Amino acid sequence: MHSLIWLALAAICVIIARICVTIITPSGSVTRRRSHTETCHLAVFLGSGGHSSEALSLVSALDFSRYTPRTYLVSEGDSLSAQKAVTLERLKTASAASLHLGVPVGRYQILTIPRARHVHQNILTVPFTTIRSFLASVYHVTFAPRLSGDSTFDVMLLNGPGTCVVLCIATYVNRFLGLPSPRLIYVETFARVRVLSLTGKLLRPIVDRFVVQWPDMGGRGEYHGWLV
Amino acid sequence: MRVLFTVGSTRFDALVDAAFSQPVLDALTQKGYSDVVVQCGNSQVGEFSPTDREGNVRRHGVDIDVWRFKPSLDEEYDAADLVIGHAGSGTILDVLRRGKPLIIVPNPTLLDNHQEDMAHSMGKLGHARVSTVNELAQSVMDLDTSTLVPFPPFDGGNFRRLVDREMGFEL
């Protein structure tokens, strides 16, 4: 009986130590050099409405022959954002084709994630919807690359709102298990001039790059001008 | 010329009331904005019941086109010569990127006042005028579109460099 308790204690200690290491290590803060011909699997969360528009503006700035394939993560039932992603893909593919580039730029997929919290949702049921959302995120970020042979996301762009916290935690599951995990880049919405959003406040300590779009944020994040 | 009032997906009764008021309509007529369109979202509008989706309202001698939502406001922005809107960042970006004059009216009933920060920053930079509902008629009269500072076009360069560097690509 005693040995069982000790075993359990030891296991808990190992887990806590692993969590500490995961949190303290700035998970490969030095990214390895990539050659010009290498590609990155880009994942982007489209958080609906203004968040989706901003996230797609950010994606449109990137070189699609370098960031391929692309995965758009949309909230369940948000067909408008999915549609906007398809429109952006068509536009980019058309402009690449007109340049006669022999690069496969048109590779993308759209995945849906259950919402962590619906508008006007009863606070008591939020834990359940959040868990559902988390499980779907872990599936896409952690398991799907191993089960179906898809490539792991190399980089994940986040712009809010709440559900992207769940995606970040799913990324930390990879880091905890020592699996490849995406770099997390959070760009605070253009709408936030002086005060961070709740999502921003939660994610600032755990993402790899935390970017704001206004200079008056009091040093809370890096600022490179307006990005959308 | 056409003026478009817009509240996005929100409810902003005071702005819609102002759009229907004599001082504001007089000021608009005087400045040459005879074509008035109101996107009222979820606002409560006089004889317009919550189930009405679109209609035409006549106030103080002006025919006003009223409707709640459209899948995209792009065409409406394109057709407008002046936009008077709430301080939503999407509205602000969409209108200013088109080079359309904009009067921003922050909604004072919102609990979270981050929209007010946005409005005042845009006003300070000179890209738009900022007004309260009560001063709207005066703001329309005082509006000189030639003094508005042009809004910079979208430039993805900074973000592209940021991500490329983060991912280890040579620039």
Side-chain angles (χ1 to χ4, degrees), chain A residues 28-42 48-54 57-63 66-67 79-80 83-84 87 119 154-155 157 182-185 187 189-198 208-209 211 213-217 222-228, chain B residues 6 8-11 41-42 69-74 77 85-97 104 106-107 110-125 127-128 130 151-171:
Chain A
S29 58
V30 187
T31 324
R32 66 175 177 85
R33 262 263 191 280
R34 282 184 164 83
S35 80
H36 266 295
T37 49
E38 271 183 88
T39 57
C40 277
H41 187 161
L42 169 78
S48 84
H51 293 287
S52 295
S53 306
E54 284 196 32
S57 287
L58 294 173
V59 172
S60 77
L62 301 177
D63 178 350
R66 188 169 270 182
Y67 296 94
S79 57
L80 204 64
Q83 227 166 51
K84 283 184 188 165
T87 307
V119 182
D154 294 303
V155 52
L157 297 185
R183 306 293 297 164
L184 297 172
I185 301 179
V187 178
T189 163
F190 178 73
R192 292 298 179 146
V193 178
R194 280 188 317 118
V195 185
L196 293 178
S197 65
L198 178 61
D208 300 303
R209 299 291 290 266
V211 186
Q213 299 196 60
W214 288 89
D216 310 330
M217 279 293 189
E222 45 183 309
Y223 168 68
H224 304 279
W226 292 341
L227 303 175
V228 299
Chain B
T6 176
S9 58
T10 65
R11 172 176 177 175
N42 289 314
F69 298 104
K70 284 188 183 174
S72 161
L73 294 190
D74 289 352
Y77 295 140
H86 75 142
S89 65
T91 303
I92 291 173
L93 281 173
D94 284 345
V95 173
L96 294 183
R97 281 270 154 74
I104 306 173
N107 188 344
L110 291 179
L111 290 174
D112 190 352
N113 71 349
H114 71 268
Q115 289 202 343
E116 209 144 321
D117 292 343
M118 157 71 66
H120 290 298
S121 297
M122 284 299 154
K124 234 170 45 196
L125 294 167
H127 298 309
V130 183
F151 196 69
F154 173 69
D155 174 12
N158 281 345
F159 187 67
R160 187 172 58 243
R161 280 186 290 277
L162 186 152
V163 180
D164 280 348
R165 200 170 288 144
E166 177 65 18
M167 298 314 290
F169 287 111
E170 263 177 69
L171 299 179

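What you are looking at is a predicted structure, and each value in this text was computed from that prediction instead of being measured. All chains are named by letter (A, B, ...) in the order of the sequence lines, taking the proteins before the strands, and each is independently numbered beginning at 1.
- No part of A/Ser197 comes within reach of chain B, as not one of its non-hydrogen atoms sits under 4.5 angstrom from that chain.
- Of the listed residues (A/Leu42, A/Val228, A/Val195), the one with the most heavy-atom contacts under 4.5 Å to chain B is A/Val228.
- For a residue to count as touching a neighbouring chain, one of its non-hydrogen atoms must lie under 4.5 Å from one of that chain's; by this rule A/Arg209 touches chain B with the side chain only.
- For B/Asp94, no part lies under 4.5 angstrom from a heavy atom of chain A.
- When heavy atoms are compared at a cutoff of 4.5 Å, A/Leu157 approaches chain B solely by way of its side chain, counted from C-beta outward.
- Only the side chain of A/Ile185 comes within contact range of chain B, judged by heavy atoms closer than 4.5 Å.
- Under the side chain to side chain donor-acceptor pair (under 3.5 Å) criterion, A/Asp216 pairs with no residue at all, not counting sequence neighbours.
- Inter-residue side-chain proximity for B/Val163 and A/Tyr67 is flagged as met; some heavy-atom pair is nearer than 4.5 Å.
- Contacts between A/Val187 and chain B at a heavy-atom distance below 4.5 Å involve the side chain alone, from C-beta outward.
- For the atom pair B/Arg97 CZ and A/Ser57 OG, the distance stands at 7.0 Å (nearest 0.5 Å).
- With a threshold of 4.5 angstrom between heavy atoms, B/Arg161 does not approach chain A through any atom at all.
- Side chain of B/Asp117 to backbone of A/Val193: no donor-acceptor contact under 3.5 angstrom is found.
- With hydrogens and angles disregarded, no donor-acceptor distance shorter than 3.5 Å links the side chain of A/Arg183 to the backbone of B/Met167.
- Evaluation of the ring pair (Phe, Tyr, Trp, His ring centres under 6.0 Å) rule for A/Tyr223 yields no partner, not counting sequence neighbours.
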- Message: What verdict does the side-chain contact (heavy atoms from CB on, under 4.5 Å) test give for A/Leu62 and B/Phe159, after you've listed the backbone C-alpha separation in whole Å, the side-chain angles of each residue and the deciding distance to 0.1 Å?
- Response: CA-CA 8 Å; A/Leu62 301 177; B/Phe159 187 67; 4.2 Å; yes
